[in-house]
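As the structure is a computational prediction, the values presented were derived from the model and not from experiment.
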Amino acid sequence: MKVSIIGASGFAGGEILRIVAAHPVFEVDQLCASSSVGKKLGEFHPQLPQLAQQELKAVDPGSLKDSAVIFLALPHGQSGKIAEQLRAAGVESLLVDCGADHRLTSQDAWDHYYGGEYCGAWTYGMPELQGFGGSSQRQLLEQTKQIAVPGCNVTTVTLAFQPLVAAGLIDPEDIVATLAVGYSGAGKSLKPHLLATSALGNAQPYAVGGTHRHIPEIAQNFAVSSGRNASDYKVTLTPMLVPMSRGILATVTAGATEKTSTKQLHALYQDFYQEENLIQVLPAGTWPQTQAVTGSANVQLQVALDQRSGKIIALSALDNLGKGTAQAAVQSANLALGLPEYSGINQIGVAP
């Protein structure tokens, strides 16, 4: 199956290409960009020598019609417009948006956190999201032609707390998530706080005080898992850039709504995720770490109860470019194309 990437020069585009290049069914077709048109891919992704001489081209709907799937690896506000152009030109390929344009089901939430044109929600690309009453996100993905890949912070927090939300074990009005995030999550923009002089030997918060754009998406997912309204969930999200290239380690806490124990919570997580190949509920007393999931689609989870405070603490680690973006994109595309879900998905990390 032919695969094209729009936004191929960026971090997400490069990671998608790394997976596609080793996929048993996919074959790279068109590589598209905007400001990098005419340049060779090797200038941006020397880690992909087999594709290094392929030229980056402008988006031409006519040349993309033979692609079975088109990945849109673009900043928010761009993929929605390009998707409209592709559909208007008769492109019927599966579209997979790795940006934010099609994630939110609420226009009010979009207007508040993003602004600009609201493009509507596509099928959400998190196969592990379990709907209230037994609805299956995988079944929805198997029947779609348009996929919205979740935000990387969203995936980390959602998977960390989903079992608790589904079981009604936490106070929905006091969910606090603090995330250590690698710099690749900020993209390639040249900004002073992203330069090496600011990054090395430094940890710095961003989007503090309820301003992070992933907050409504997390609440939206919790609503799917619980059957409640997204507005019921009050999420405080504080991400911090730490000096590593990739990875997210999330610590998520909330008050317990009934008496429980660490042992019971651990059993709940093991049962909830027992069928999920990419999610590892670690042995009791073992804590997630980003290095163990680097380069893979794996997610490490652990949960504990602070008996004195009555708070439940869940920790999760994933690769923001892996399961946080590109691996989720390919995993979801596999389902939509009728391929085995884990085709080409890397379940082996890179350490040290």
Thr251 and Ile313, any side-chain heavy atoms less than 4.5 Å apart: yes
Heavy-atom side-chain proximity of Phe26 to Val330 below 4.5 angstrom: yes
Cationic N near anionic O, under 4.0 Å, Arg18 to Glu15: yes
Side-chain touch His23/Met1, heavy atoms, less than 4.5 angstrom: no
Separation between CZ of Phe272 and CG of Leu301, rounded to the nearest 0.5 Å: 10.5 Å
Salt bridge (Lys or Arg N to Asp or Glu O under 4.0 Å) partners of residues 78-97, not counting sequence neighbours, each pair once: none
Ser9 and Leu56, any side-chain heavy atoms less than 4.5 Å apart: yes
Gap separating the NZ atom of Lys2 from the CG atom of Asp66, nearest 0.5 angstrom: 5.0 Å
Full working for side chain to side chain contact (heavy atoms under 4.5 Å, CB included) between Ile6 and Ile70: CA-CA 7 Å; Ile6 299 177; Ile70 301 171; 3.9 Å; yes
Worked check of side chain to side chain contact (heavy atoms under 4.5 Å, CB included) between Tyr273 and Val299: CA-CA 11 Å; Tyr273 287 124; Val299 182; over 6 Å; no
Donor-acceptor side-chain pairing of Glu128 and Gln331 below 3.5 angstrom: yes
Ring pair (Phe, Tyr, Trp, His ring centres under 6.0 Å) contacts touching residues 204-242 (sequence neighbours left out): Tyr206-His212, His212-His214, Phe222-Tyr233
For Lys311, side-chain hydrogen bond (donor to acceptor under 3.5 Å, both in side chains) partners two or more places apart: Asp174
For Thr156 against Ala250, the heavy-atom pair lying closest together: CG2-CB, 3.5 Å
Non-hydrogen atoms of Ile16 and Cys98 that approach each other most closely: CD1-SG, 3.7 Å
Plane angle bin for His76 and Trp110 - parallel if under 30°, tilted between 30 and 60°, otherwise perpendicular: perpendicular
Exercise: identify the closest heavy-atom pair between Ser296 and Asp319: O-CB, 3.9 Å
Glu217 versus Tyr124, side-chain donor and acceptor atoms under 3.5 Å: yes
Heavy-atom check, side chain of Asp232 versus side chain of Asn229, under 4.5 Å: yes
Short side-chain donor-acceptor distance under 3.5 Å, Thr325 and Asn320: no
Distance (rounded to the nearest 0.5 Å) between Leu159 CG and Met126 CE: 5.0 Å
Any Asn334 side-chain heavy atom under 4.5 Å of Pro340 side chain: no
Polar side chain donor-acceptor pair, Gln220 to Thr105, under 3.5 angstrom: yes
Main-chain N/O of Gly99 paired to Arg103 side chain as donor or acceptor, under 3.5 Å: yes
Derivation of the side chain to side chain contact (heavy atoms under 4.5 Å, CB included) call for Ile170 and Leu164: CA-CA 6 Å; Ile170 51 96; Leu164 302 172; 3.9 Å; yes
Leu51 side chain near His45 side chain, heavy-atom distance below 4.5 Å: no
Common cluster, Phe161/Trp287, ILVMFWY with side-chain heavy-atom separation under 4.5 Å: no
Set of residues satisfying side-chain hydrogen bond (donor to acceptor under 3.5 Å, both in side chains) with respect to Asn346, sequence neighbours excluded: none
Distance (rounded to the nearest 0.5 Å) between Gln347 CD and Leu278 CG: 5.0 Å
Any side-chain heavy-atom pair of Ser316 and Val157 under 4.5 Å: no
Donor-acceptor pair, side chain of Thr144 and main chain of Ala336, under 3.5 angstrom: no
Gln291/Val350 under side chain to side chain contact (heavy atoms under 4.5 Å, CB included): CA gap, chis, key distance, verdict: CA-CA 7 Å; Gln291 188 181 65; Val350 179; over 6 Å; no
Pairs meeting criterion salt bridge (Lys or Arg N to Asp or Glu O under 4.0 Å) with involvement of residues 324-342, two or more places apart: Arg138-Glu341
Sequence neighbours excluded - side chain to side chain donor-acceptor pair (under 3.5 Å) pairs with any residue from residues 49-64: none
Distance-only polar pair, side chains of Asp306 and Ser309, donor-acceptor under 3.5 Å: yes
Considering all heavy atoms, the nearest Leu337-Leu94 contact: CG-CD2, 3.9 Å
Straight-line distance of Leu31 CG to Ser4 OG, nearest 0.5 Å: 7.5 Å
For Ser332 against Leu141, the heavy-atom pair lying closest together: OG-CD1, 4.0 Å
CG-CD1 distance between Leu72 and Ile147, expressed to the nearest 0.5 angstrom: 11.0 Å
Among Asn221, Leu104, Val154, the one residue meeting side-chain contact (heavy atoms from CB on, under 4.5 Å) with Pro216: Leu104
